[in-house]
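Throughout, protein chains are lettered first and strands after them, A, B, ... in sequence-line order, and every chain is numbered starting at 1.
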Protein chains: 2
Amino acid sequence: MVELQDVTDGRRLRGARTRQAILKHAARLASAEGLESVSLQRLASDLGISKSGLFAHFGSKEELQLATVEAAAQIFTREVLVPGLKPPRGVGRIQALCDAFLSYVDRDVFPGGCFFQAAGAEFDSKPGAVRDAILERKRYWEDSLVRAVREAREAGKVQRGVDPEQLGWELHCLLAGANDRHLQTPEPKALERARRAIRERLEQAAAS
Amino acid sequence: MVELQDVTDGRRLRGARTRQAILKHAARLASAEGLESVSLQRLASDLGISKSGLFAHFGSKEELQLATVEAAAQIFTREVLVPGLKPPRGVGRIQALCDAFLSYVDRDVFPGGCFFQAAGAEFDSKPGAVRDAILERKRYWEDSLVRAVREAREAGKVQRGVDPEQLGWELHCLLAGANDRHLQTPEPKALERARRAIRERLEQAAAS
DNA sequence: CCTACCGATCGGTAGG
DNA sequence: CCTACCGATCGGTAGG
């Protein structure tokens with residue numbers, strides 16, 4: 001009984017590890033070459049398994065794409081949201097969210113820049129479950145910036161006259177632009193421009 | 001002789017018209033589905049010609065892509081740069097460039113939003129002639145904004161303390177963000193947020 | 001009855 | 001511009 005259970009658990013554990021390895025590679029590839037371009041054959045040969053091995057994990061290409069979006073969201077949460085939400089509510093948290101995103105871009109967590117920026121642009125005109133999943137995650141990130149501004153304003157750390165939705169969206173634009181520029185001309189100055197713009201926006205918005 | 005020449009000219013004219021029709025359709029398709037996804041077969045059947053008919057106009061897929069980028073650039077020039085550069089140098093021209101871009105997004109000149117936004121995101125991690133052509137055009141547009149700010153500053157219409165490269169880049173980020181948001185949630189408010197941000201930035205920068 | 005794969009091949013389509 | 005093809009690769013499935 002115990003032996004049999006061990007074998008079963010071992011198989012499940014191995015399966016889960018393989019699945020994570022597949023999805024991490026798929027997400028990295030997709031950021032650079034496009035989610036649609038990550039073919040099952042390409043993915044299989046990169047990982048040294050067979051194409052039918054992939055089909056044991058994901059029943060179809062769309063399910064693989066949805067699982068890839070999910071895996072990318074976990075990476076984004078770990079690399080951006082967790083460090084960005086560490087400081088207490090206030091201007092410091094808004095700044096930390098922006099810094100965490102810029103660091104995530106600077107460290108090339110995904111070789112093709114922010115996964116959701118790339119996948120969002122690829123799928124924004126392709127209706128379906130994959131587009132919906134990507135946009136839901138993108139919206140959560142944008143909302144996190146808006147929420148951080150709103151909470152800072154409620155705590156009296158940001159001026160009453162500031163519209164959280166407006167400032168949150170502007171910060172998001174600058175961060176997206178920094179990702180864009182980083183991919184076009186990968187020089188330190190690319191991110192510096194965004195840091196400067198964000199600093200100025202936050203200084204203006206901060207309660208005196 | 002005359003007859004022969006007429007036939008030749010007629011053929012050339014017809015050829016040029018077909019070429020323009022192909023490229024216009026290719027650019028519109030590419031903005032929504034991706035430049036790489038516009039297959040020769042798809043394009044041929046959409047236009048009611050044969051795949052080899054396309055090869056008579058363009059020797060390879062890459063040449064078709066380069067010609068598509070060129071055609072999209074002509075559309076962008078006509079729809080954004082020409083109206084945007086109409087006002088004399090000064091804050092009015094900066095505003096006109098931004099308004100022209102937002103109108104181009106709002107009118108859905110390309111069904112998938114700004115062609116260069118979409119194609120840039122698709123190719124920014126794919127080295128080659130197509131990426132170079134796309135980024136060259138994107139850079140020209142960004143430089144147009146920077147130039148408009150610099151000229152306004154030189155004319156004393158913008159404060160001395162303003163960095164043209166910085167403000168030009170920030171305006172570009174807001175416009176790109178407006179295009180992004182327009183594709184995600186096509187409501188009038190999407191562009192309104194950008195208009196408000198741009199108005200505030202320009203009021204701040206204007207010489208008093 | 002489960003899982004994690006294999007080699008081979010299905011009908012179609014890619015660029016050329 | 002056409003028909004007629006090529007080597008390869010696409011997403012997906014067969015039996016073992």
Side-chain angles (χ1 to χ4, degrees), chain A residues 1-26 29-30 33-69 71 122-123 126 128-131, chain B residues 6-26 29-30 33-69 122-123 126 128-131:
Chain A
M1 287 286 276
V2 173
E3 251 185 293
L4 197 72
Q5 210 165 20
D6 281 343
V7 170
T8 306
D9 285 348
R11 279 183 186 173
R12 286 208 181 140
L13 191 62
R14 218 186 314 130
R17 277 181 193 156
T18 304
R19 192 187 149 93
Q20 278 309 306
I22 292 167
L23 293 176
K24 186 183 173 185
H25 189 67
L29 263 180
E33 304 185 14
L35 194 50
E36 206 83 82
S37 301
V38 179
S39 76
L40 295 165
Q41 186 53 63
R42 165 73 185 280
L43 202 52
S45 66
D46 276 12
L47 294 161
I49 59 176
S50 72
K51 217 168 43 162
S52 11
L54 281 178
F55 273 93
H57 288 281
F58 318 96
S60 68
K61 181 153 192 192
E62 191 182 50
E63 279 188 47
L64 169 63
Q65 289 177 333
L66 289 168
T68 301
V69 171
E122 184 181 359
F123 276 84
K126 295 179 184 174
V130 178
R131 180 194 129 116
Chain B
D6 280 342
V7 169
T8 305
D9 285 347
R11 281 184 184 171
R12 284 209 182 138
L13 191 61
R14 216 185 316 130
R17 276 181 192 156
T18 304
R19 192 188 149 95
Q20 278 310 303
I22 292 167
L23 293 177
K24 187 184 174 185
H25 189 68
L29 264 178
E33 304 185 13
L35 194 52
E36 206 83 83
S37 300
V38 179
S39 74
L40 295 165
Q41 185 55 61
R42 165 75 186 279
L43 203 52
S45 65
D46 276 13
L47 296 161
I49 59 174
S50 72
K51 215 165 47 162
S52 14
L54 282 177
F55 274 93
H57 288 281
F58 318 97
S60 68
K61 179 152 193 190
E62 192 181 49
E63 278 187 46
L64 170 63
Q65 290 177 332
L66 289 168
T68 302
V69 171
E122 183 182 0
F123 276 85
K126 294 179 183 174
V130 178
R131 179 194 130 116

**Q** So does Phe55(B) get a backbone contact from the side chain of Ser52(B), meaning a donor-acceptor N/O pair under 3.5 Å?
**A** no
**Q** Does the side chain to side chain contact (heavy atoms under 4.5 Å, CB included) test come out yes or no for His57(B) and Glu63(B), once each step is laid out?
**A** CA-CA 9 Å; His57(B) 288 281; Glu63(B) 278 187 46; over 6 Å; no
**Q** Can you check side chain to side chain contact (heavy atoms under 4.5 Å, CB included) on Thr68(B) and Val38(B), steps first, answer last?
**A** CA-CA 11 Å; Thr68(B) 302; Val38(B) 179; over 6 Å; no
**Q** Atom CD1 of Ile49(A) and atom P of dT3(C): how far apart are they, to the nearest Å?
**A** 16 Å
**Q** Can you see if the side chain of His57(A) gets near the phosphate of dT3(C) - specifically, an N or O under 4.0 Å from OP1 or OP2?
**A** no
**Q** How close or far is atom C1' of dA4(C) from atom CG of Leu47(A), stated in whole angstroms?
**A** 15 Å
**Q** So Leu47(B) and Thr18(B), side chain to side chain contact (heavy atoms under 4.5 Å, CB included) or not? Walk me through it.
**A** CA-CA 9 Å; Leu47(B) 296 161; Thr18(B) 304; over 6 Å; no
**Q** Over all heavy atoms of both residues, which pair between Lys126(A) and Ser37(B) is shortest? Give the atoms and the distance, please.
**A** NZ-OG, 4.4 Å
**Q** Expressed as a whole number of Å, how far does the C1' atom of dG15(D) sit from that of dC5(C)?
**A** 14 Å
**Q** Between dA8(D) and dG12(C), how far is it from one P atom to the other, in whole Å?
**A** 22 Å
**Q** Between atom CD in Glu63(B) and atom C1' in dG15(C), what is the gap in whole Å?
**A** 13 Å
**Q** On a heavy-atom basis, which atom in Leu66(B) and which in Ala129(B) lie closest, and how many Å separate them?
**A** CD2-O, 3.6 Å
**Q** Who passes salt bridge (charged side-chain N to carboxylate O under 4.0 Å, His left out) against Lys24(A), sequence neighbours left out?
**A** none
**Q** Please report the distance, rounded to the nearest Å, between CZ in Arg17(A) and C1' in dT3(C).
**A** 16 Å
**Q** Output one line per pair: protein atom, nucleotide atom from nucleotides 10-13 of chain D, and distance, for all N/O pairs under 3.5 Å.
**A**
residue: dC10(D); atom: OP1; partner: Ser39(A); partner atom: OG; Å: 3.0
residue: dG11(D); atom: OP1; partner: Lys61(A); partner atom: NZ; Å: 2.3
residue: dG11(D); atom: OP2; partner: Leu40(A); partner atom: N; Å: 3.1
residue: dG11(D); atom: N7; partner: Lys51(A); partner atom: NZ; Å: 3.2
residue: dG11(D); atom: O6; partner: Lys51(A); partner atom: NZ; Å: 3.0
residue: dG12(D); atom: OP2; partner: Lys61(A); partner atom: N; Å: 2.5
residue: dG12(D); atom: O6; partner: Lys51(A); partner atom: NZ; Å: 2.4

**Q** Should Thr18(A) be listed as having a side-chain N or O under 4.0 Å from OP1 or OP2 of dC5(C)?
**A** yes
**Q** Under 3.5 Å for both distances, Watson-Crick or G-U wobble, that's the pair rule; now give the dot-bracket for DNA chain D, with | marking pairs to another strand and [ ] for crossing ones.
**A** ....||.|..|...|.
**Q** Evaluate the criterion side chain to side chain contact (heavy atoms under 4.5 Å, CB included) for residue pair Leu64(B) and Leu23(B); output intermediate values, then yes/no.
**A** CA-CA 8 Å; Leu64(B) 170 63; Leu23(B) 293 177; 4.1 Å; yes
**Q** For the atom pair CZ (Arg131(A)) and CD (Gln65(A)), what is the distance rounded to the nearest 0.5 Å?
**A** 14.5 Å
**Q** Using whole Å, what does the distance between atom P of nucleotide dG16(C) and atom CZ of Phe58(B) come to?
**A** 13 Å
